[in-house]
Amino acid sequence: MQKTLTALLVTLALWLPVHAEGEWVDIVNGTLWQDTDGNTVQAHAPGFLCRDGVWYMCGEDRSRAFRPDVNLYSSRDLVHWTFLGKIIENGVTDPELGRRRMIERAKLLYSEKTGKYVVWCHWESHNYGASEAACFVADSVQGPYRKVWSGRPLGIKSRDCNVFTDDDGTAWFISTTEENQHLGLFRLSDDMLSVTDHTQLFPGKSREAPAVVRVDGRYFMLSSACTGWRPNQCKISHSDSLTSGWTPLENIGDAVAYRTQAAAVLTIKGTKQTTYLYVGDRWMDPDLPNSKIIIFPITFDGTECRFHYCERFRLNPVTGEYQIPD
Ligand code: GAL
């Protein structure tokens, strides 16, 4: 008995430090990811949600290039992704989807108030004339999701989109509005199922693929120009308030955002440091299913942001540390 107990304690003592420190993973850019079943990950223009140390990623399944379903994956380390299923599916989830409408840029939210999972997305006709958004809700992250609403938010034409949840739990829908002229910032209701008001940002600047992150109380927004699947210059702006005071757009990264278009900025709150990761799509038009998800660290120093694009880096998802090889 004594011996068994000692053996158990020794095993625990060896196991604990390793797991408290986490295991390092290699993030390799430019290749297609495989899920834990060995299938290609299809989650383009991904949206992320982190709950209790688990990352959920939803995104466009472009296996059928112009009839994207929405896939959901989970991971603890951003490398080993388990496929959890198709959460929104053409011909299944909604009668319009796959006929008069297609889905792009599905983004995942969780409402602390209702305990429900919510997806907001671009809800579009094949000539991009509809310019609508849609919202889906489910009791569990894996669904089933049902459509709550689709249309032009507050009557405003809306295309490329993203979401942002602030530290106080308020959620926002951000989209490219009025024929790609402006960015619209829409506050969501407490249950996250409808928009309550609208603020126009960057009027006439034609920005899309917005991605917002909050760093030490300051908001930063990345966005691209509107050149379809072709990459272009990423620009950044910052403000102390979401609804006003955004600084003029400034170039960041190289002239084509390292051949990507922003999808998200992840905040890894590690035990040793907080790390920010840029996530973007390297679209492979006309071979859209082969588009790659690209991730690299970005750093903030006051109002300055820097991209650290690299073909590979090591990440410790528990401590938040990362290493970029020379
Ligand atoms: C991009 C947009 C994508 C998709 C594409 C279609 O500008 O970011 O989400 O809509 O255009 O051409």
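Numbers for residues simply follow the sequence, beginning at 1. Remember, it's 1-based here, ligands and their atoms both numbered in the order they're listed. These values consider heavy atoms only, across backbone and side chains, with no hydrogens, waters or symmetry-generated copies. Computed from a predicted model, the values in this text were never measured in an experiment.
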Polar atom proximity, Arg105 to ligand 1 (N or O, under 3.5 Å) = yes
So is Thr227 polar-close to ligand 1, meaning N/O to N/O under 3.5 Å?
-> no
Determine the minimum heavy-atom distance between Asp160 and Gln261, stating which atoms define it.
->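 Scanning both residues completely, I find the closest heavy atoms to be OD2-NE2, 4.1 Å.
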Asp77 and His80 have their tightest heavy-atom pair at OD2-ND1, 2.6 Å
side-chain contact (heavy atoms from CB on, under 4.5 Å) with Arg314: which of Asp26, Ile27, Ile324?
->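 The residue from Asp26, Ile27, Ile324 that satisfies side-chain contact (heavy atoms from CB on, under 4.5 Å) with Arg314 turns out to be Asp26.
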To the nearest 0.1 Å, how far is [atom] from its closest protein heavy atom, and which atom is that?
| atom | result |
| --- | --- |
| atom 6 (C) of ligand 1 | Tyr128 OH, 3.2 Å |
| atom 3 (C) of ligand 1 | Asp160 OD1, 3.7 Å |
| atom 1 (C) of ligand 1 | Gly228 O, 3.3 Å |
| atom 10 (O) of ligand 1 | Glu104 OE1, 2.6 Å |
| atom 7 (O) of ligand 1 | Glu208 OE2, 2.2 Å |

Donor-acceptor pair, Lys269 side chain versus Gly320 backbone, under 3.5 Å?
-> no
For the residue pair Trp55 and Phe48, categorise the inter-ring angle as parallel (less than 30°), tilted (30 to 60°) or perpendicular (more than 60°).
->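 Ring orientation, 0 to 90° scale: perpendicular.
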Can you label the angle between the Tyr258 ring and the Tyr309 ring as parallel, tilted or perpendicular, going by 30° and 60°?
->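 Parallel, since the angle between the ring planes stays under 30°.
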Ligand 1 versus Glu124: contacting region, heavy-atom distance under 4.0 Å |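 No part of Glu124 is near ligand 1 at this cut-off.
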Mark up the atoms of ligand 1 that fall under 4.0 Å of a heavy atom belonging to Gln261, in ascending order.
-> 7 (O), 8 (O)
Are Asp69 and Thr93 close enough that some pair of their side-chain heavy atoms sits under 4.5 Å apart?
->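 The answer is no, as the side chains (C-beta and beyond) never meet within the 4.5 Å cut-off.
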